[in-house]
2 protein chains.
Amino acid sequence: MTSVAQTYHHGDLRTALLHAAAKRLAEHGVDSLSLRKLAEDAGVSRTAPYHHFKDKSALLSAIAAKGFSDWHSAAKRIFEQDEKSPKERFREFVREYVGYAVDNPEMYELMFGRTIWQNNAATSDLKDVAFPCFQFQVTMTKFWQEKGLLPNNQDALRLAQVTWGTLHGIARLLIDGIYADSSHIQEMCDCAADLFMQQK
Amino acid sequence: MTSVAQTYHHGDLRTALLHAAAKRLAEHGVDSLSLRKLAEDAGVSRTAPYHHFKDKSALLSAIAAKGFSDWHSAAKRIFEQDEKSPKERFREFVREYVGYAVDNPEMYELMFGRTIWQNNAATSDLKDVAFPCFQFQVTMTKFWQEKGLLPNNQDALRLAQVTWGTLHGIARLLIDGIYADSSHIQEMCDCAADLFMQQK
DNA sequence: AGGCTATGTTGACACTGTCAAGATAAAACT
DNA sequence: AGTTTTATCTTGACAGTGTCAACATAGCCT
């Protein structure tokens with residue numbers, strides 16, 4: 001990919017670290033992700049990363065930010081498929097949401113886990129990318145309410161919180177292997193969609 | 001409380017460790033819970049705990065097991081309030097569930113977080129206490145289906161997974177401070193309950 | 001009394017995040 | 001051009017972690 005001559009200054013350590021981190025994240029999970037290993041991956045000393053990220057949390061936030069931006073694009077793409085009926089799109093969104101989480105458990109864990117959000121530890125960079133995602137959930141909810149798929153007598157924000165909460169909860173139960181296994185994804189998603197769209 | 005003379009053998013180190021752990025858990029969270037500190041709390045050397053717990057994960061599992069057993073009692077108590085209508089009990093269960101999570105965020109995180117469930121790491125002791133809780137959720141769901149509060153055309157297991165998923169998701173969003181703050185608990189719970197019991 | 005077993009001890013190891021102080025290169029300024 | 005400032009990277013160090021191995025003590029059983 002980028003083969004820069006070995007110099008004292010790395011050249012683009014920041015993105016090199018992020019790439020290494022994304023790789024390790026997907027392969028070994030967020031828990032076994034250490035700055036020192038990332039530095040080694042990038043062929044640099046243990047403390048070099050600190051010139052690009054305030055601390056470990058900041059690096060994780062940066063990865064999560066990328067995740068949110070990807071997520072937002074994917075959600076938009078599904079939501080804006082005009083050729084499909086709103087009902088179909090809703091079902092698809094539910095399946096895609098849970099599917100994304102199950103296919104990228106470590107990234108999902110990072111994005112929506114306590115690690116980076118706890119104690120308001122989230123970087124403002126992270127918030128700038130994540131909040132539009134939250135907002136988009138509300139936008140979609142309003143749309144589905146207007147189309148009569150979701151109850152109209154509920155506040156859109158609350159309803160968005162609850163519907164997202166449901167998807168989030170299902171995703172987490174599946175990922176953490178608590179209460180369900182992945183062979184039931186489809187059925188669980190459809191059950192949730194049916195529940196939301198009762199008698200519609 | 002328990003003032004045993006200082007002897008070479010502690011006497012009841014196992015429960016002393018569990019108590020210390022529960023205290024530290026509630027006060028400082030699961031992340032800053034170290035075996036060495038617990039040993040110090042109990043007035044014992046760093047490696048003494050290993051004679052009572054296989055490893056850190058086993059100790060955490062033991063605390064979680066206690067949490068599940070408490071949780072099960074509480075759920076039963078609410079569910080069996082015969083003087084209240086099923087509908088009322090359902091609403092109350094929703095509020096209690098989320099309320100418990102918000103009031104005991106660290107314990108909830110431990111019980112339903114990835115720490116102890118990941119990679120099928122759960123002790124069989126833990127599973128023995130936790131699985132009945134999961135089962136109870138299904139039992140309650142069946143009851144509410146029979147009472148006409150929840151859709152009868154859904155498989156009880158799926159529906160239980162989805163309803164629990166919803167409560168779990170809401171709880172997590174609140175705890176992790178991702179998408180909602182605790183001033184909206186009541187409204188979110190009621191919105192969820194309304195959603196489940198549409199047109200009932 | 002003797003020995004077995006449960007329980008406790010210190011020592012050691014590899015690993016972690018992070019700070020401080022110094023080295024080097026590149027960029028900016030005069 | 002030369003000089004200075006700034007960005008980047010280095011080694012050294014520290015406190016903290018889980019966990020293993022080897023050894024010490026004490027209680028229990030025969």
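So you know, we letter chains A, B, ... as the sequences are listed, proteins then strands, and number each from 1.
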Q | Inter-axis angle, terminal five-pair segments of the helix from C:dA1-D:dT30 to C:dT30-D:dA1 [nearest 10°] | A |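 End-to-end axis angle: 10°.
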Test salt bridge (charged side-chain N to carboxylate O under 4.0 Å, His left out) applied to [X] - qualifying residues, sequence neighbours left out:
{"X": "B:E27", "value": "B:K23"}
{"X": "B:E146", "value": "none"}
{"X": "B:K84", "value": "B:E92"}

Q) Residues two or more places apart in sequence or in another chain: which of them pass side-chain contact (heavy atoms from CB on, under 4.5 Å) with B:H19? A)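 Scan of B:H19 (side-chain contact (heavy atoms from CB on, under 4.5 Å), adjacent residues dropped) gives none.
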Q. Please, which pairs that meet salt bridge (Lys or Arg N to Asp or Glu O under 4.0 Å) have at least one residue in residues 59-75 of chain A, sequence neighbours excluded?
A.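 Qualifying pairs, neighbours excluded: A:K66-A:D70.
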Neighbours of DNA chain D within [range], by heavy-atom distance under 4.0 Å:
{"range": "residues 49-63 of chain B", "value": "B:Y50, B:D55, B:K56"}
{"range": "residues 107-118 of chain B", "value": "none"}
{"range": "residues 29-38 of chain B", "value": "B:L33, B:S34, B:L35, B:R36, B:K37"}

Q: Using atom CG of B:L13 as one end and atom P of D:dA26 as the other, report the distance to the nearest whole Å.
A: 16 Å
(Q) Expressed as a whole number of angstroms, how long is the span from B:R46:CZ to D:dC20:C1'? (A)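 Between C1' of D:dC20 and CZ of B:R46: 13 Å.
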Q.
Suppose the criterion is side-chain hydrogen bond (donor to acceptor under 3.5 Å, both in side chains): which pairs have a residue in residues 28-49 of chain B, not counting sequence neighbours?
A.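 side-chain hydrogen bond (donor to acceptor under 3.5 Å, both in side chains) check on residues 28-49 of chain B returns B:R24-B:D41.
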Q: Enumerate the residue pairs fulfilling side-chain hydrogen bond (donor to acceptor under 3.5 Å, both in side chains) with a member in residues 161-178 of chain A, sequence neighbours excluded, ordered by first and then second residue.
A: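 As it turns out, the side-chain hydrogen bond (donor to acceptor under 3.5 Å, both in side chains) pairs with a partner in residues 161-178 of chain A, which skip direct neighbours, are A:Y97-A:W164, A:Y108-A:H168, A:E109-A:R172, A:R158-A:Q161, A:T166-B:T166.
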Q. Between A:R91 and A:E96, does at least one N-O distance fall below 4.0 Å, as a salt bridge requires?
A.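 No, no charged N to carboxylate O under 4.0 Å.
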Q: Might you confirm whether atom NZ of A:K142 has over 12 heavy atoms from other residues, nucleotides or ligands at distances under 6.0 Å?
A: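 Count not over threshold, so no.
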Q. Hey, does B:L59 have a side-chain heavy atom less than 4.5 Å from the side chain of B:L38?
A.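 Sidechains of B:L59 and B:L38: in contact.
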Q.
For a 4.5 angstrom cut-off between non-hydrogen side-chain atoms, does B:E106 reach B:I175?
A.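 Not in contact.
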Q: Mind jotting down which residue pairs meet the ring pair (Phe, Tyr, Trp, His ring centres under 6.0 Å) criterion with at least one end in residues 72-94 of chain B? Sequence neighbours excluded, please.
A: B:H72-B:F136, B:F79-B:F136, B:F79-B:F143, B:F79-B:W144, B:F90-B:W144, B:F93-B:W144
Q. Do A:S183 and A:D181 have side-chain N/O donor and acceptor atoms under 3.5 Å apart?
A.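 There is such a pair between these side chains.
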